[in-house]
Amino acid sequence: MRISLLFLALVLLTACFNTPETATDEKLHSGIEGVVLSLPDEGLPEEVLEGERFMVPLIVENLGAYTLEREAPGAVQLTIEPDLVLFESWDVPPGAQDSGQTVLFPLRGKSVASIAGEKSRLRVILKAKPIAATLNARDTRVVFSVCYPYRTQFEEQVCIDPSPDSQMTKSCEPETLESVDGQGGPIEITEVQQLVLPGEHPDDVNVQFIIRAENSGDGLLLHHEDYPLSCLGRDGSRKPGVYIKKIAFSDFSYVEGKGGDIECYPLPMREVAGGYETRCLLTQGIQRSTPAYTTPLSIELAYGYKETISHEVRILSVSSERSH
Amino acid sequence: MRKSWPLVLLLVLLLTACGSSRNRNGEGISEKDYRTGTEGLQLTFMQNNPPDKVFAGSEMDVLVEVRNAGAYPDTDAFDGKLEIYGYDRKAFVRGGWDGSNFIGRTLQGKSQFGPSGGREVKQFHVDEVTTLFGAEFYEPTLVVAACYKYRTIAEPLVCIDPEPFTVFDENKVCTIPSNGKSYSLSNQGAPVAVTKVTEEVSAKNLHFGIYIQNVGEGKVVDENTRNDCPLSLDYNDVDRVLVQVKLPWDGAPRCQPRGDSADPVRLDESGNGYIYCTFTKPTTKSAFETILQVQVDYRYLDTIQKKIRIVNINR
């Protein structure tokens, strides 16, 4: 009886302390990382003999807030020196697909159920080719590139004041929204500035948002649909950069491919000192007599991203090894 | 003893008559001067209406208690309305005032028959609150504004000395020094107060300087902005009051500014205003005290705010 009670108590205690950490939207949409490549400390070969097979492990982790789906997966591309190393095969987890020196993989980002995104482990099996007889060793580099489509989502409360000169007591004051913690992706929106412009009708105003973003990661920008070509070293037909996938506030919106009552220009965002910039204008007027009000503003950026990691391996001559 | 009991009865009756009495509604009738304080309307959100947090998809009520803490009006002539704003109208589905947003005309001010002033509760009902395009939460700050007509009446007792520099020595009821006289006033049961009156006497006229101040927490608005207040006010609509000043024998003095709709008294950034009025002298040459009646008419704008959080639990 006592043992049963003790066991029950232990179960209850572990249930209390082992509750998986859950996340609010604020924690999910923070940080400046997307998909990150890393090489594990263990199992990484430093030296191999010519003619020998060897394995290079790779960890792929989605540390951002966007999930790579099966329909638009990430791509890991292997680059080796074909004179020195021969590609044999991949060892990939379920769900990933390999084709030659490329692996396509879906990978979940941070979610409400789990603050940590999904982590995946790949292994590539290579074979060191014979090196010149006159050499004791040759160094070669194994390079992994990851190319993936990503999105950055920005959600804040914004104050819309159609009549800044009005003498009424206002519920809010428009201000430039600034972000320093990132939104869960390597491209982060750093500033959203609001302007109130005269409308076509004298009683109306048009609201314009100037959106500024920065590449806070260490990688390169690609197009969010042409990204696999970039991994293969080819140019796509569409211009790489940061695109507005969606912007919405109150009941006004713009969606890429569908348009709406907000127009953004230029797209992709124009490169300026320190980052990227675009302007989104509400084409429908808001009545000047509307009192200032707070409303949610949602901006979603779409882009492709490429990061690279490499590992140096020394190929030893067999004769040199024997002499050691 | 038998002869004295009618006297005792009469004494008892007199004593009870002189004690506190009540009107038909049971409210105490007070001899106290009710024209005190610096408030007009008091606005308060009723507890949990609106709540601090509400779930998207729910209905919501905003209940506002309106109490007339000032001294105007003393008849069923109240003229004012409420407006609510600060939220995105797309997020509040089918929202509206129960009945009307106009405050009842029966909201009288404090008086000897109603020392607390009139009270009313207005309800703004929303059928459904949302967070717009599925956002996790929405935090608007609701503002309820009351814009209402109000009046300040100040009746300081002033000294009238038509001949302040007479050679003959007489026992005057009151005197005006050579450099003039100043009267400080306390509040008059309204958010705009007459704070000071200065008096000077010239050869032919009596001159009064009247200092006016916004002593409340809100904003003074032109009396003629009934439709524009509070949502369409511009710079020319604020800090303007109409002033009428009278003495018993002169009801139309020359004032600067005139104090009428065409030339109102303007309050500065700190809420202070001034009007200078010149009266004719009375026919009598003796000094005496009388009431200087000052009436200030305006609209007043009071607001209260509350931030609420609408949470989308279906995200």
Side-chain angles (χ1 to χ4, degrees), chain A residues 22-30 65 111-113 153-175 183 203 207 245-255 260-262 282 284 286-300, chain B residues 43 56 83-93 130-147 217-222 225 227-240 269 299-315:
Chain A
T22 57
T24 63
D25 249 31
E26 287 165 354
K27 289 183 191 170
L28 291 180
H29 292 284
S30 66
S111 70
V112 173
Q153 191 167 356
F154 175 91
E155 269 188 18
E156 284 289 346
Q157 309 279 306
V158 66
C159 178
I160 306 294
D161 186 5
S163 186
D165 298 334
S166 169
Q167 294 295 305
M168 62 190 297
T169 304
K170 300 190 180 182
S171 69
C172 59
E173 287 288 337
E175 54 186 21
Q183 296 94 35
D203 291 337
V207 177
K245 188 73 181 170
K246 182 180 126 177
I247 178 170
F249 75 98
S250 188
D251 70 345
F252 309 114
S253 66
Y254 160 83
V255 176
D261 26 34
I262 301 177
L282 176 66
Q284 187 180 328
I286 297 177
Q287 278 195 329
R288 205 182 282 274
S289 60
T290 306
Y293 62 97
T294 309
T295 191
L297 170 69
S298 174
I299 303 171
E300 194 174 36
Chain B
L43 304 175
E83 291 286 356
I84 184 168
Y85 56 88
Y87 59 94
D88 190 326
R89 283 164 204 278
K90 306 295 186 302
F92 284 17
V93 180
T130 68
T131 59
L132 294 172
F133 46 81
E136 187 192 13
F137 66 92
Y138 173 41
E139 279 187 336
T141 298
L142 302 184
V143 179
V144 173
C147 190
E217 301 285 328
K219 204 171 277 200
V220 176
V221 175
D222 193 311
T225 56
N227 294 327
D228 291 340
C229 185
L231 299 181
S232 302
L233 295 173
D234 68 25
Y235 189 75
N236 291 320
D237 293 329
V238 297
D239 290 331
R240 291 169 179 233
E269 283 171 1
R299 278 193 185 268
Y300 207 73
L301 177 57
D302 276 316
T303 57
I304 52 172
Q305 305 186 4
K306 181 169 181 180
K307 191 175 197 174
I308 66 169
R309 187 177 174 98
I310 303 168
V311 178
N312 181 1
I313 55 172
N314 295 319
R315 183 181 165 99

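Letters go in sequence order (proteins before strands), and every chain restarts at 1.
From B:L142, atom CG reaches atom OG of A:S171 across 8.5 Å, with rounding to the nearest 0.5 Å. In this structure, B:N236 CG and A:Q167 CD are separated by 9.0 Å, a value rounded to the nearest 0.5 Å. Here CE of A:M168 is found 8.0 Å from OG of B:S232. Values are rounded to the nearest 0.5 Å. Note that the CD atom of A:E155 and the OG1 atom of B:T131 stand 9.0 Å from one another [nearest 0.5 Å]. Note that CD of B:E136 is 8.5 Å distant from NE2 of A:H29, once rounded to the nearest 0.5 Å.
No side-chain donor-acceptor contact under 3.5 Å links B:K90 to the backbone of A:T295. Put simply, the side chain of B:Y138 gets close to the backbone of A:T294: a donor and an acceptor are under 3.5 Å apart.
Ranked by heavy-atom pairs under 4.5 Å with chain A, the list B:R89, B:Q305, B:K219, B:E83 is led by B:K219. Ranked by heavy-atom pairs under 4.5 Å with chain A, the list B:P230, B:G218, B:A91 is led by B:P230. Among the candidates A:S289, A:S298, A:C172, the residue making the largest number of heavy-atom pairs closer than 4.5 Å to chain B is A:S298. The candidate with the highest count of non-hydrogen atom pairs below 4.5 Å against chain B, out of A:C159, A:A248, A:S253, A:S250, is A:S250.
Within 6.0 Å of atom NZ in A:K246, 12 or fewer heavy atoms from other residues, nucleotides or ligands are found, so the atom counts as exposed in its surroundings.
The shortest non-hydrogen separation linking A:P291 to B:L231 is CG-CD2, 3.6 Å. Residues B:Y87 and A:Y293 share a closest heavy-atom pair of O-CB, 3.5 Å.
With a 4.5 angstrom heavy-atom cutoff, B:E139 touches chain A via backbone and side-chain atoms both. Contacts between A:A292 and chain B at a heavy-atom distance below 4.5 Å involve the backbone alone (N, CA, C, O). Both the backbone and the side chain of B:Y235 come within contact range of chain A, each with at least one heavy atom under 4.5 Å from a heavy atom of that chain.
Between A:T169 and B:Y85 there is a side-chain heavy-atom pair separated by less than 4.5 Å.
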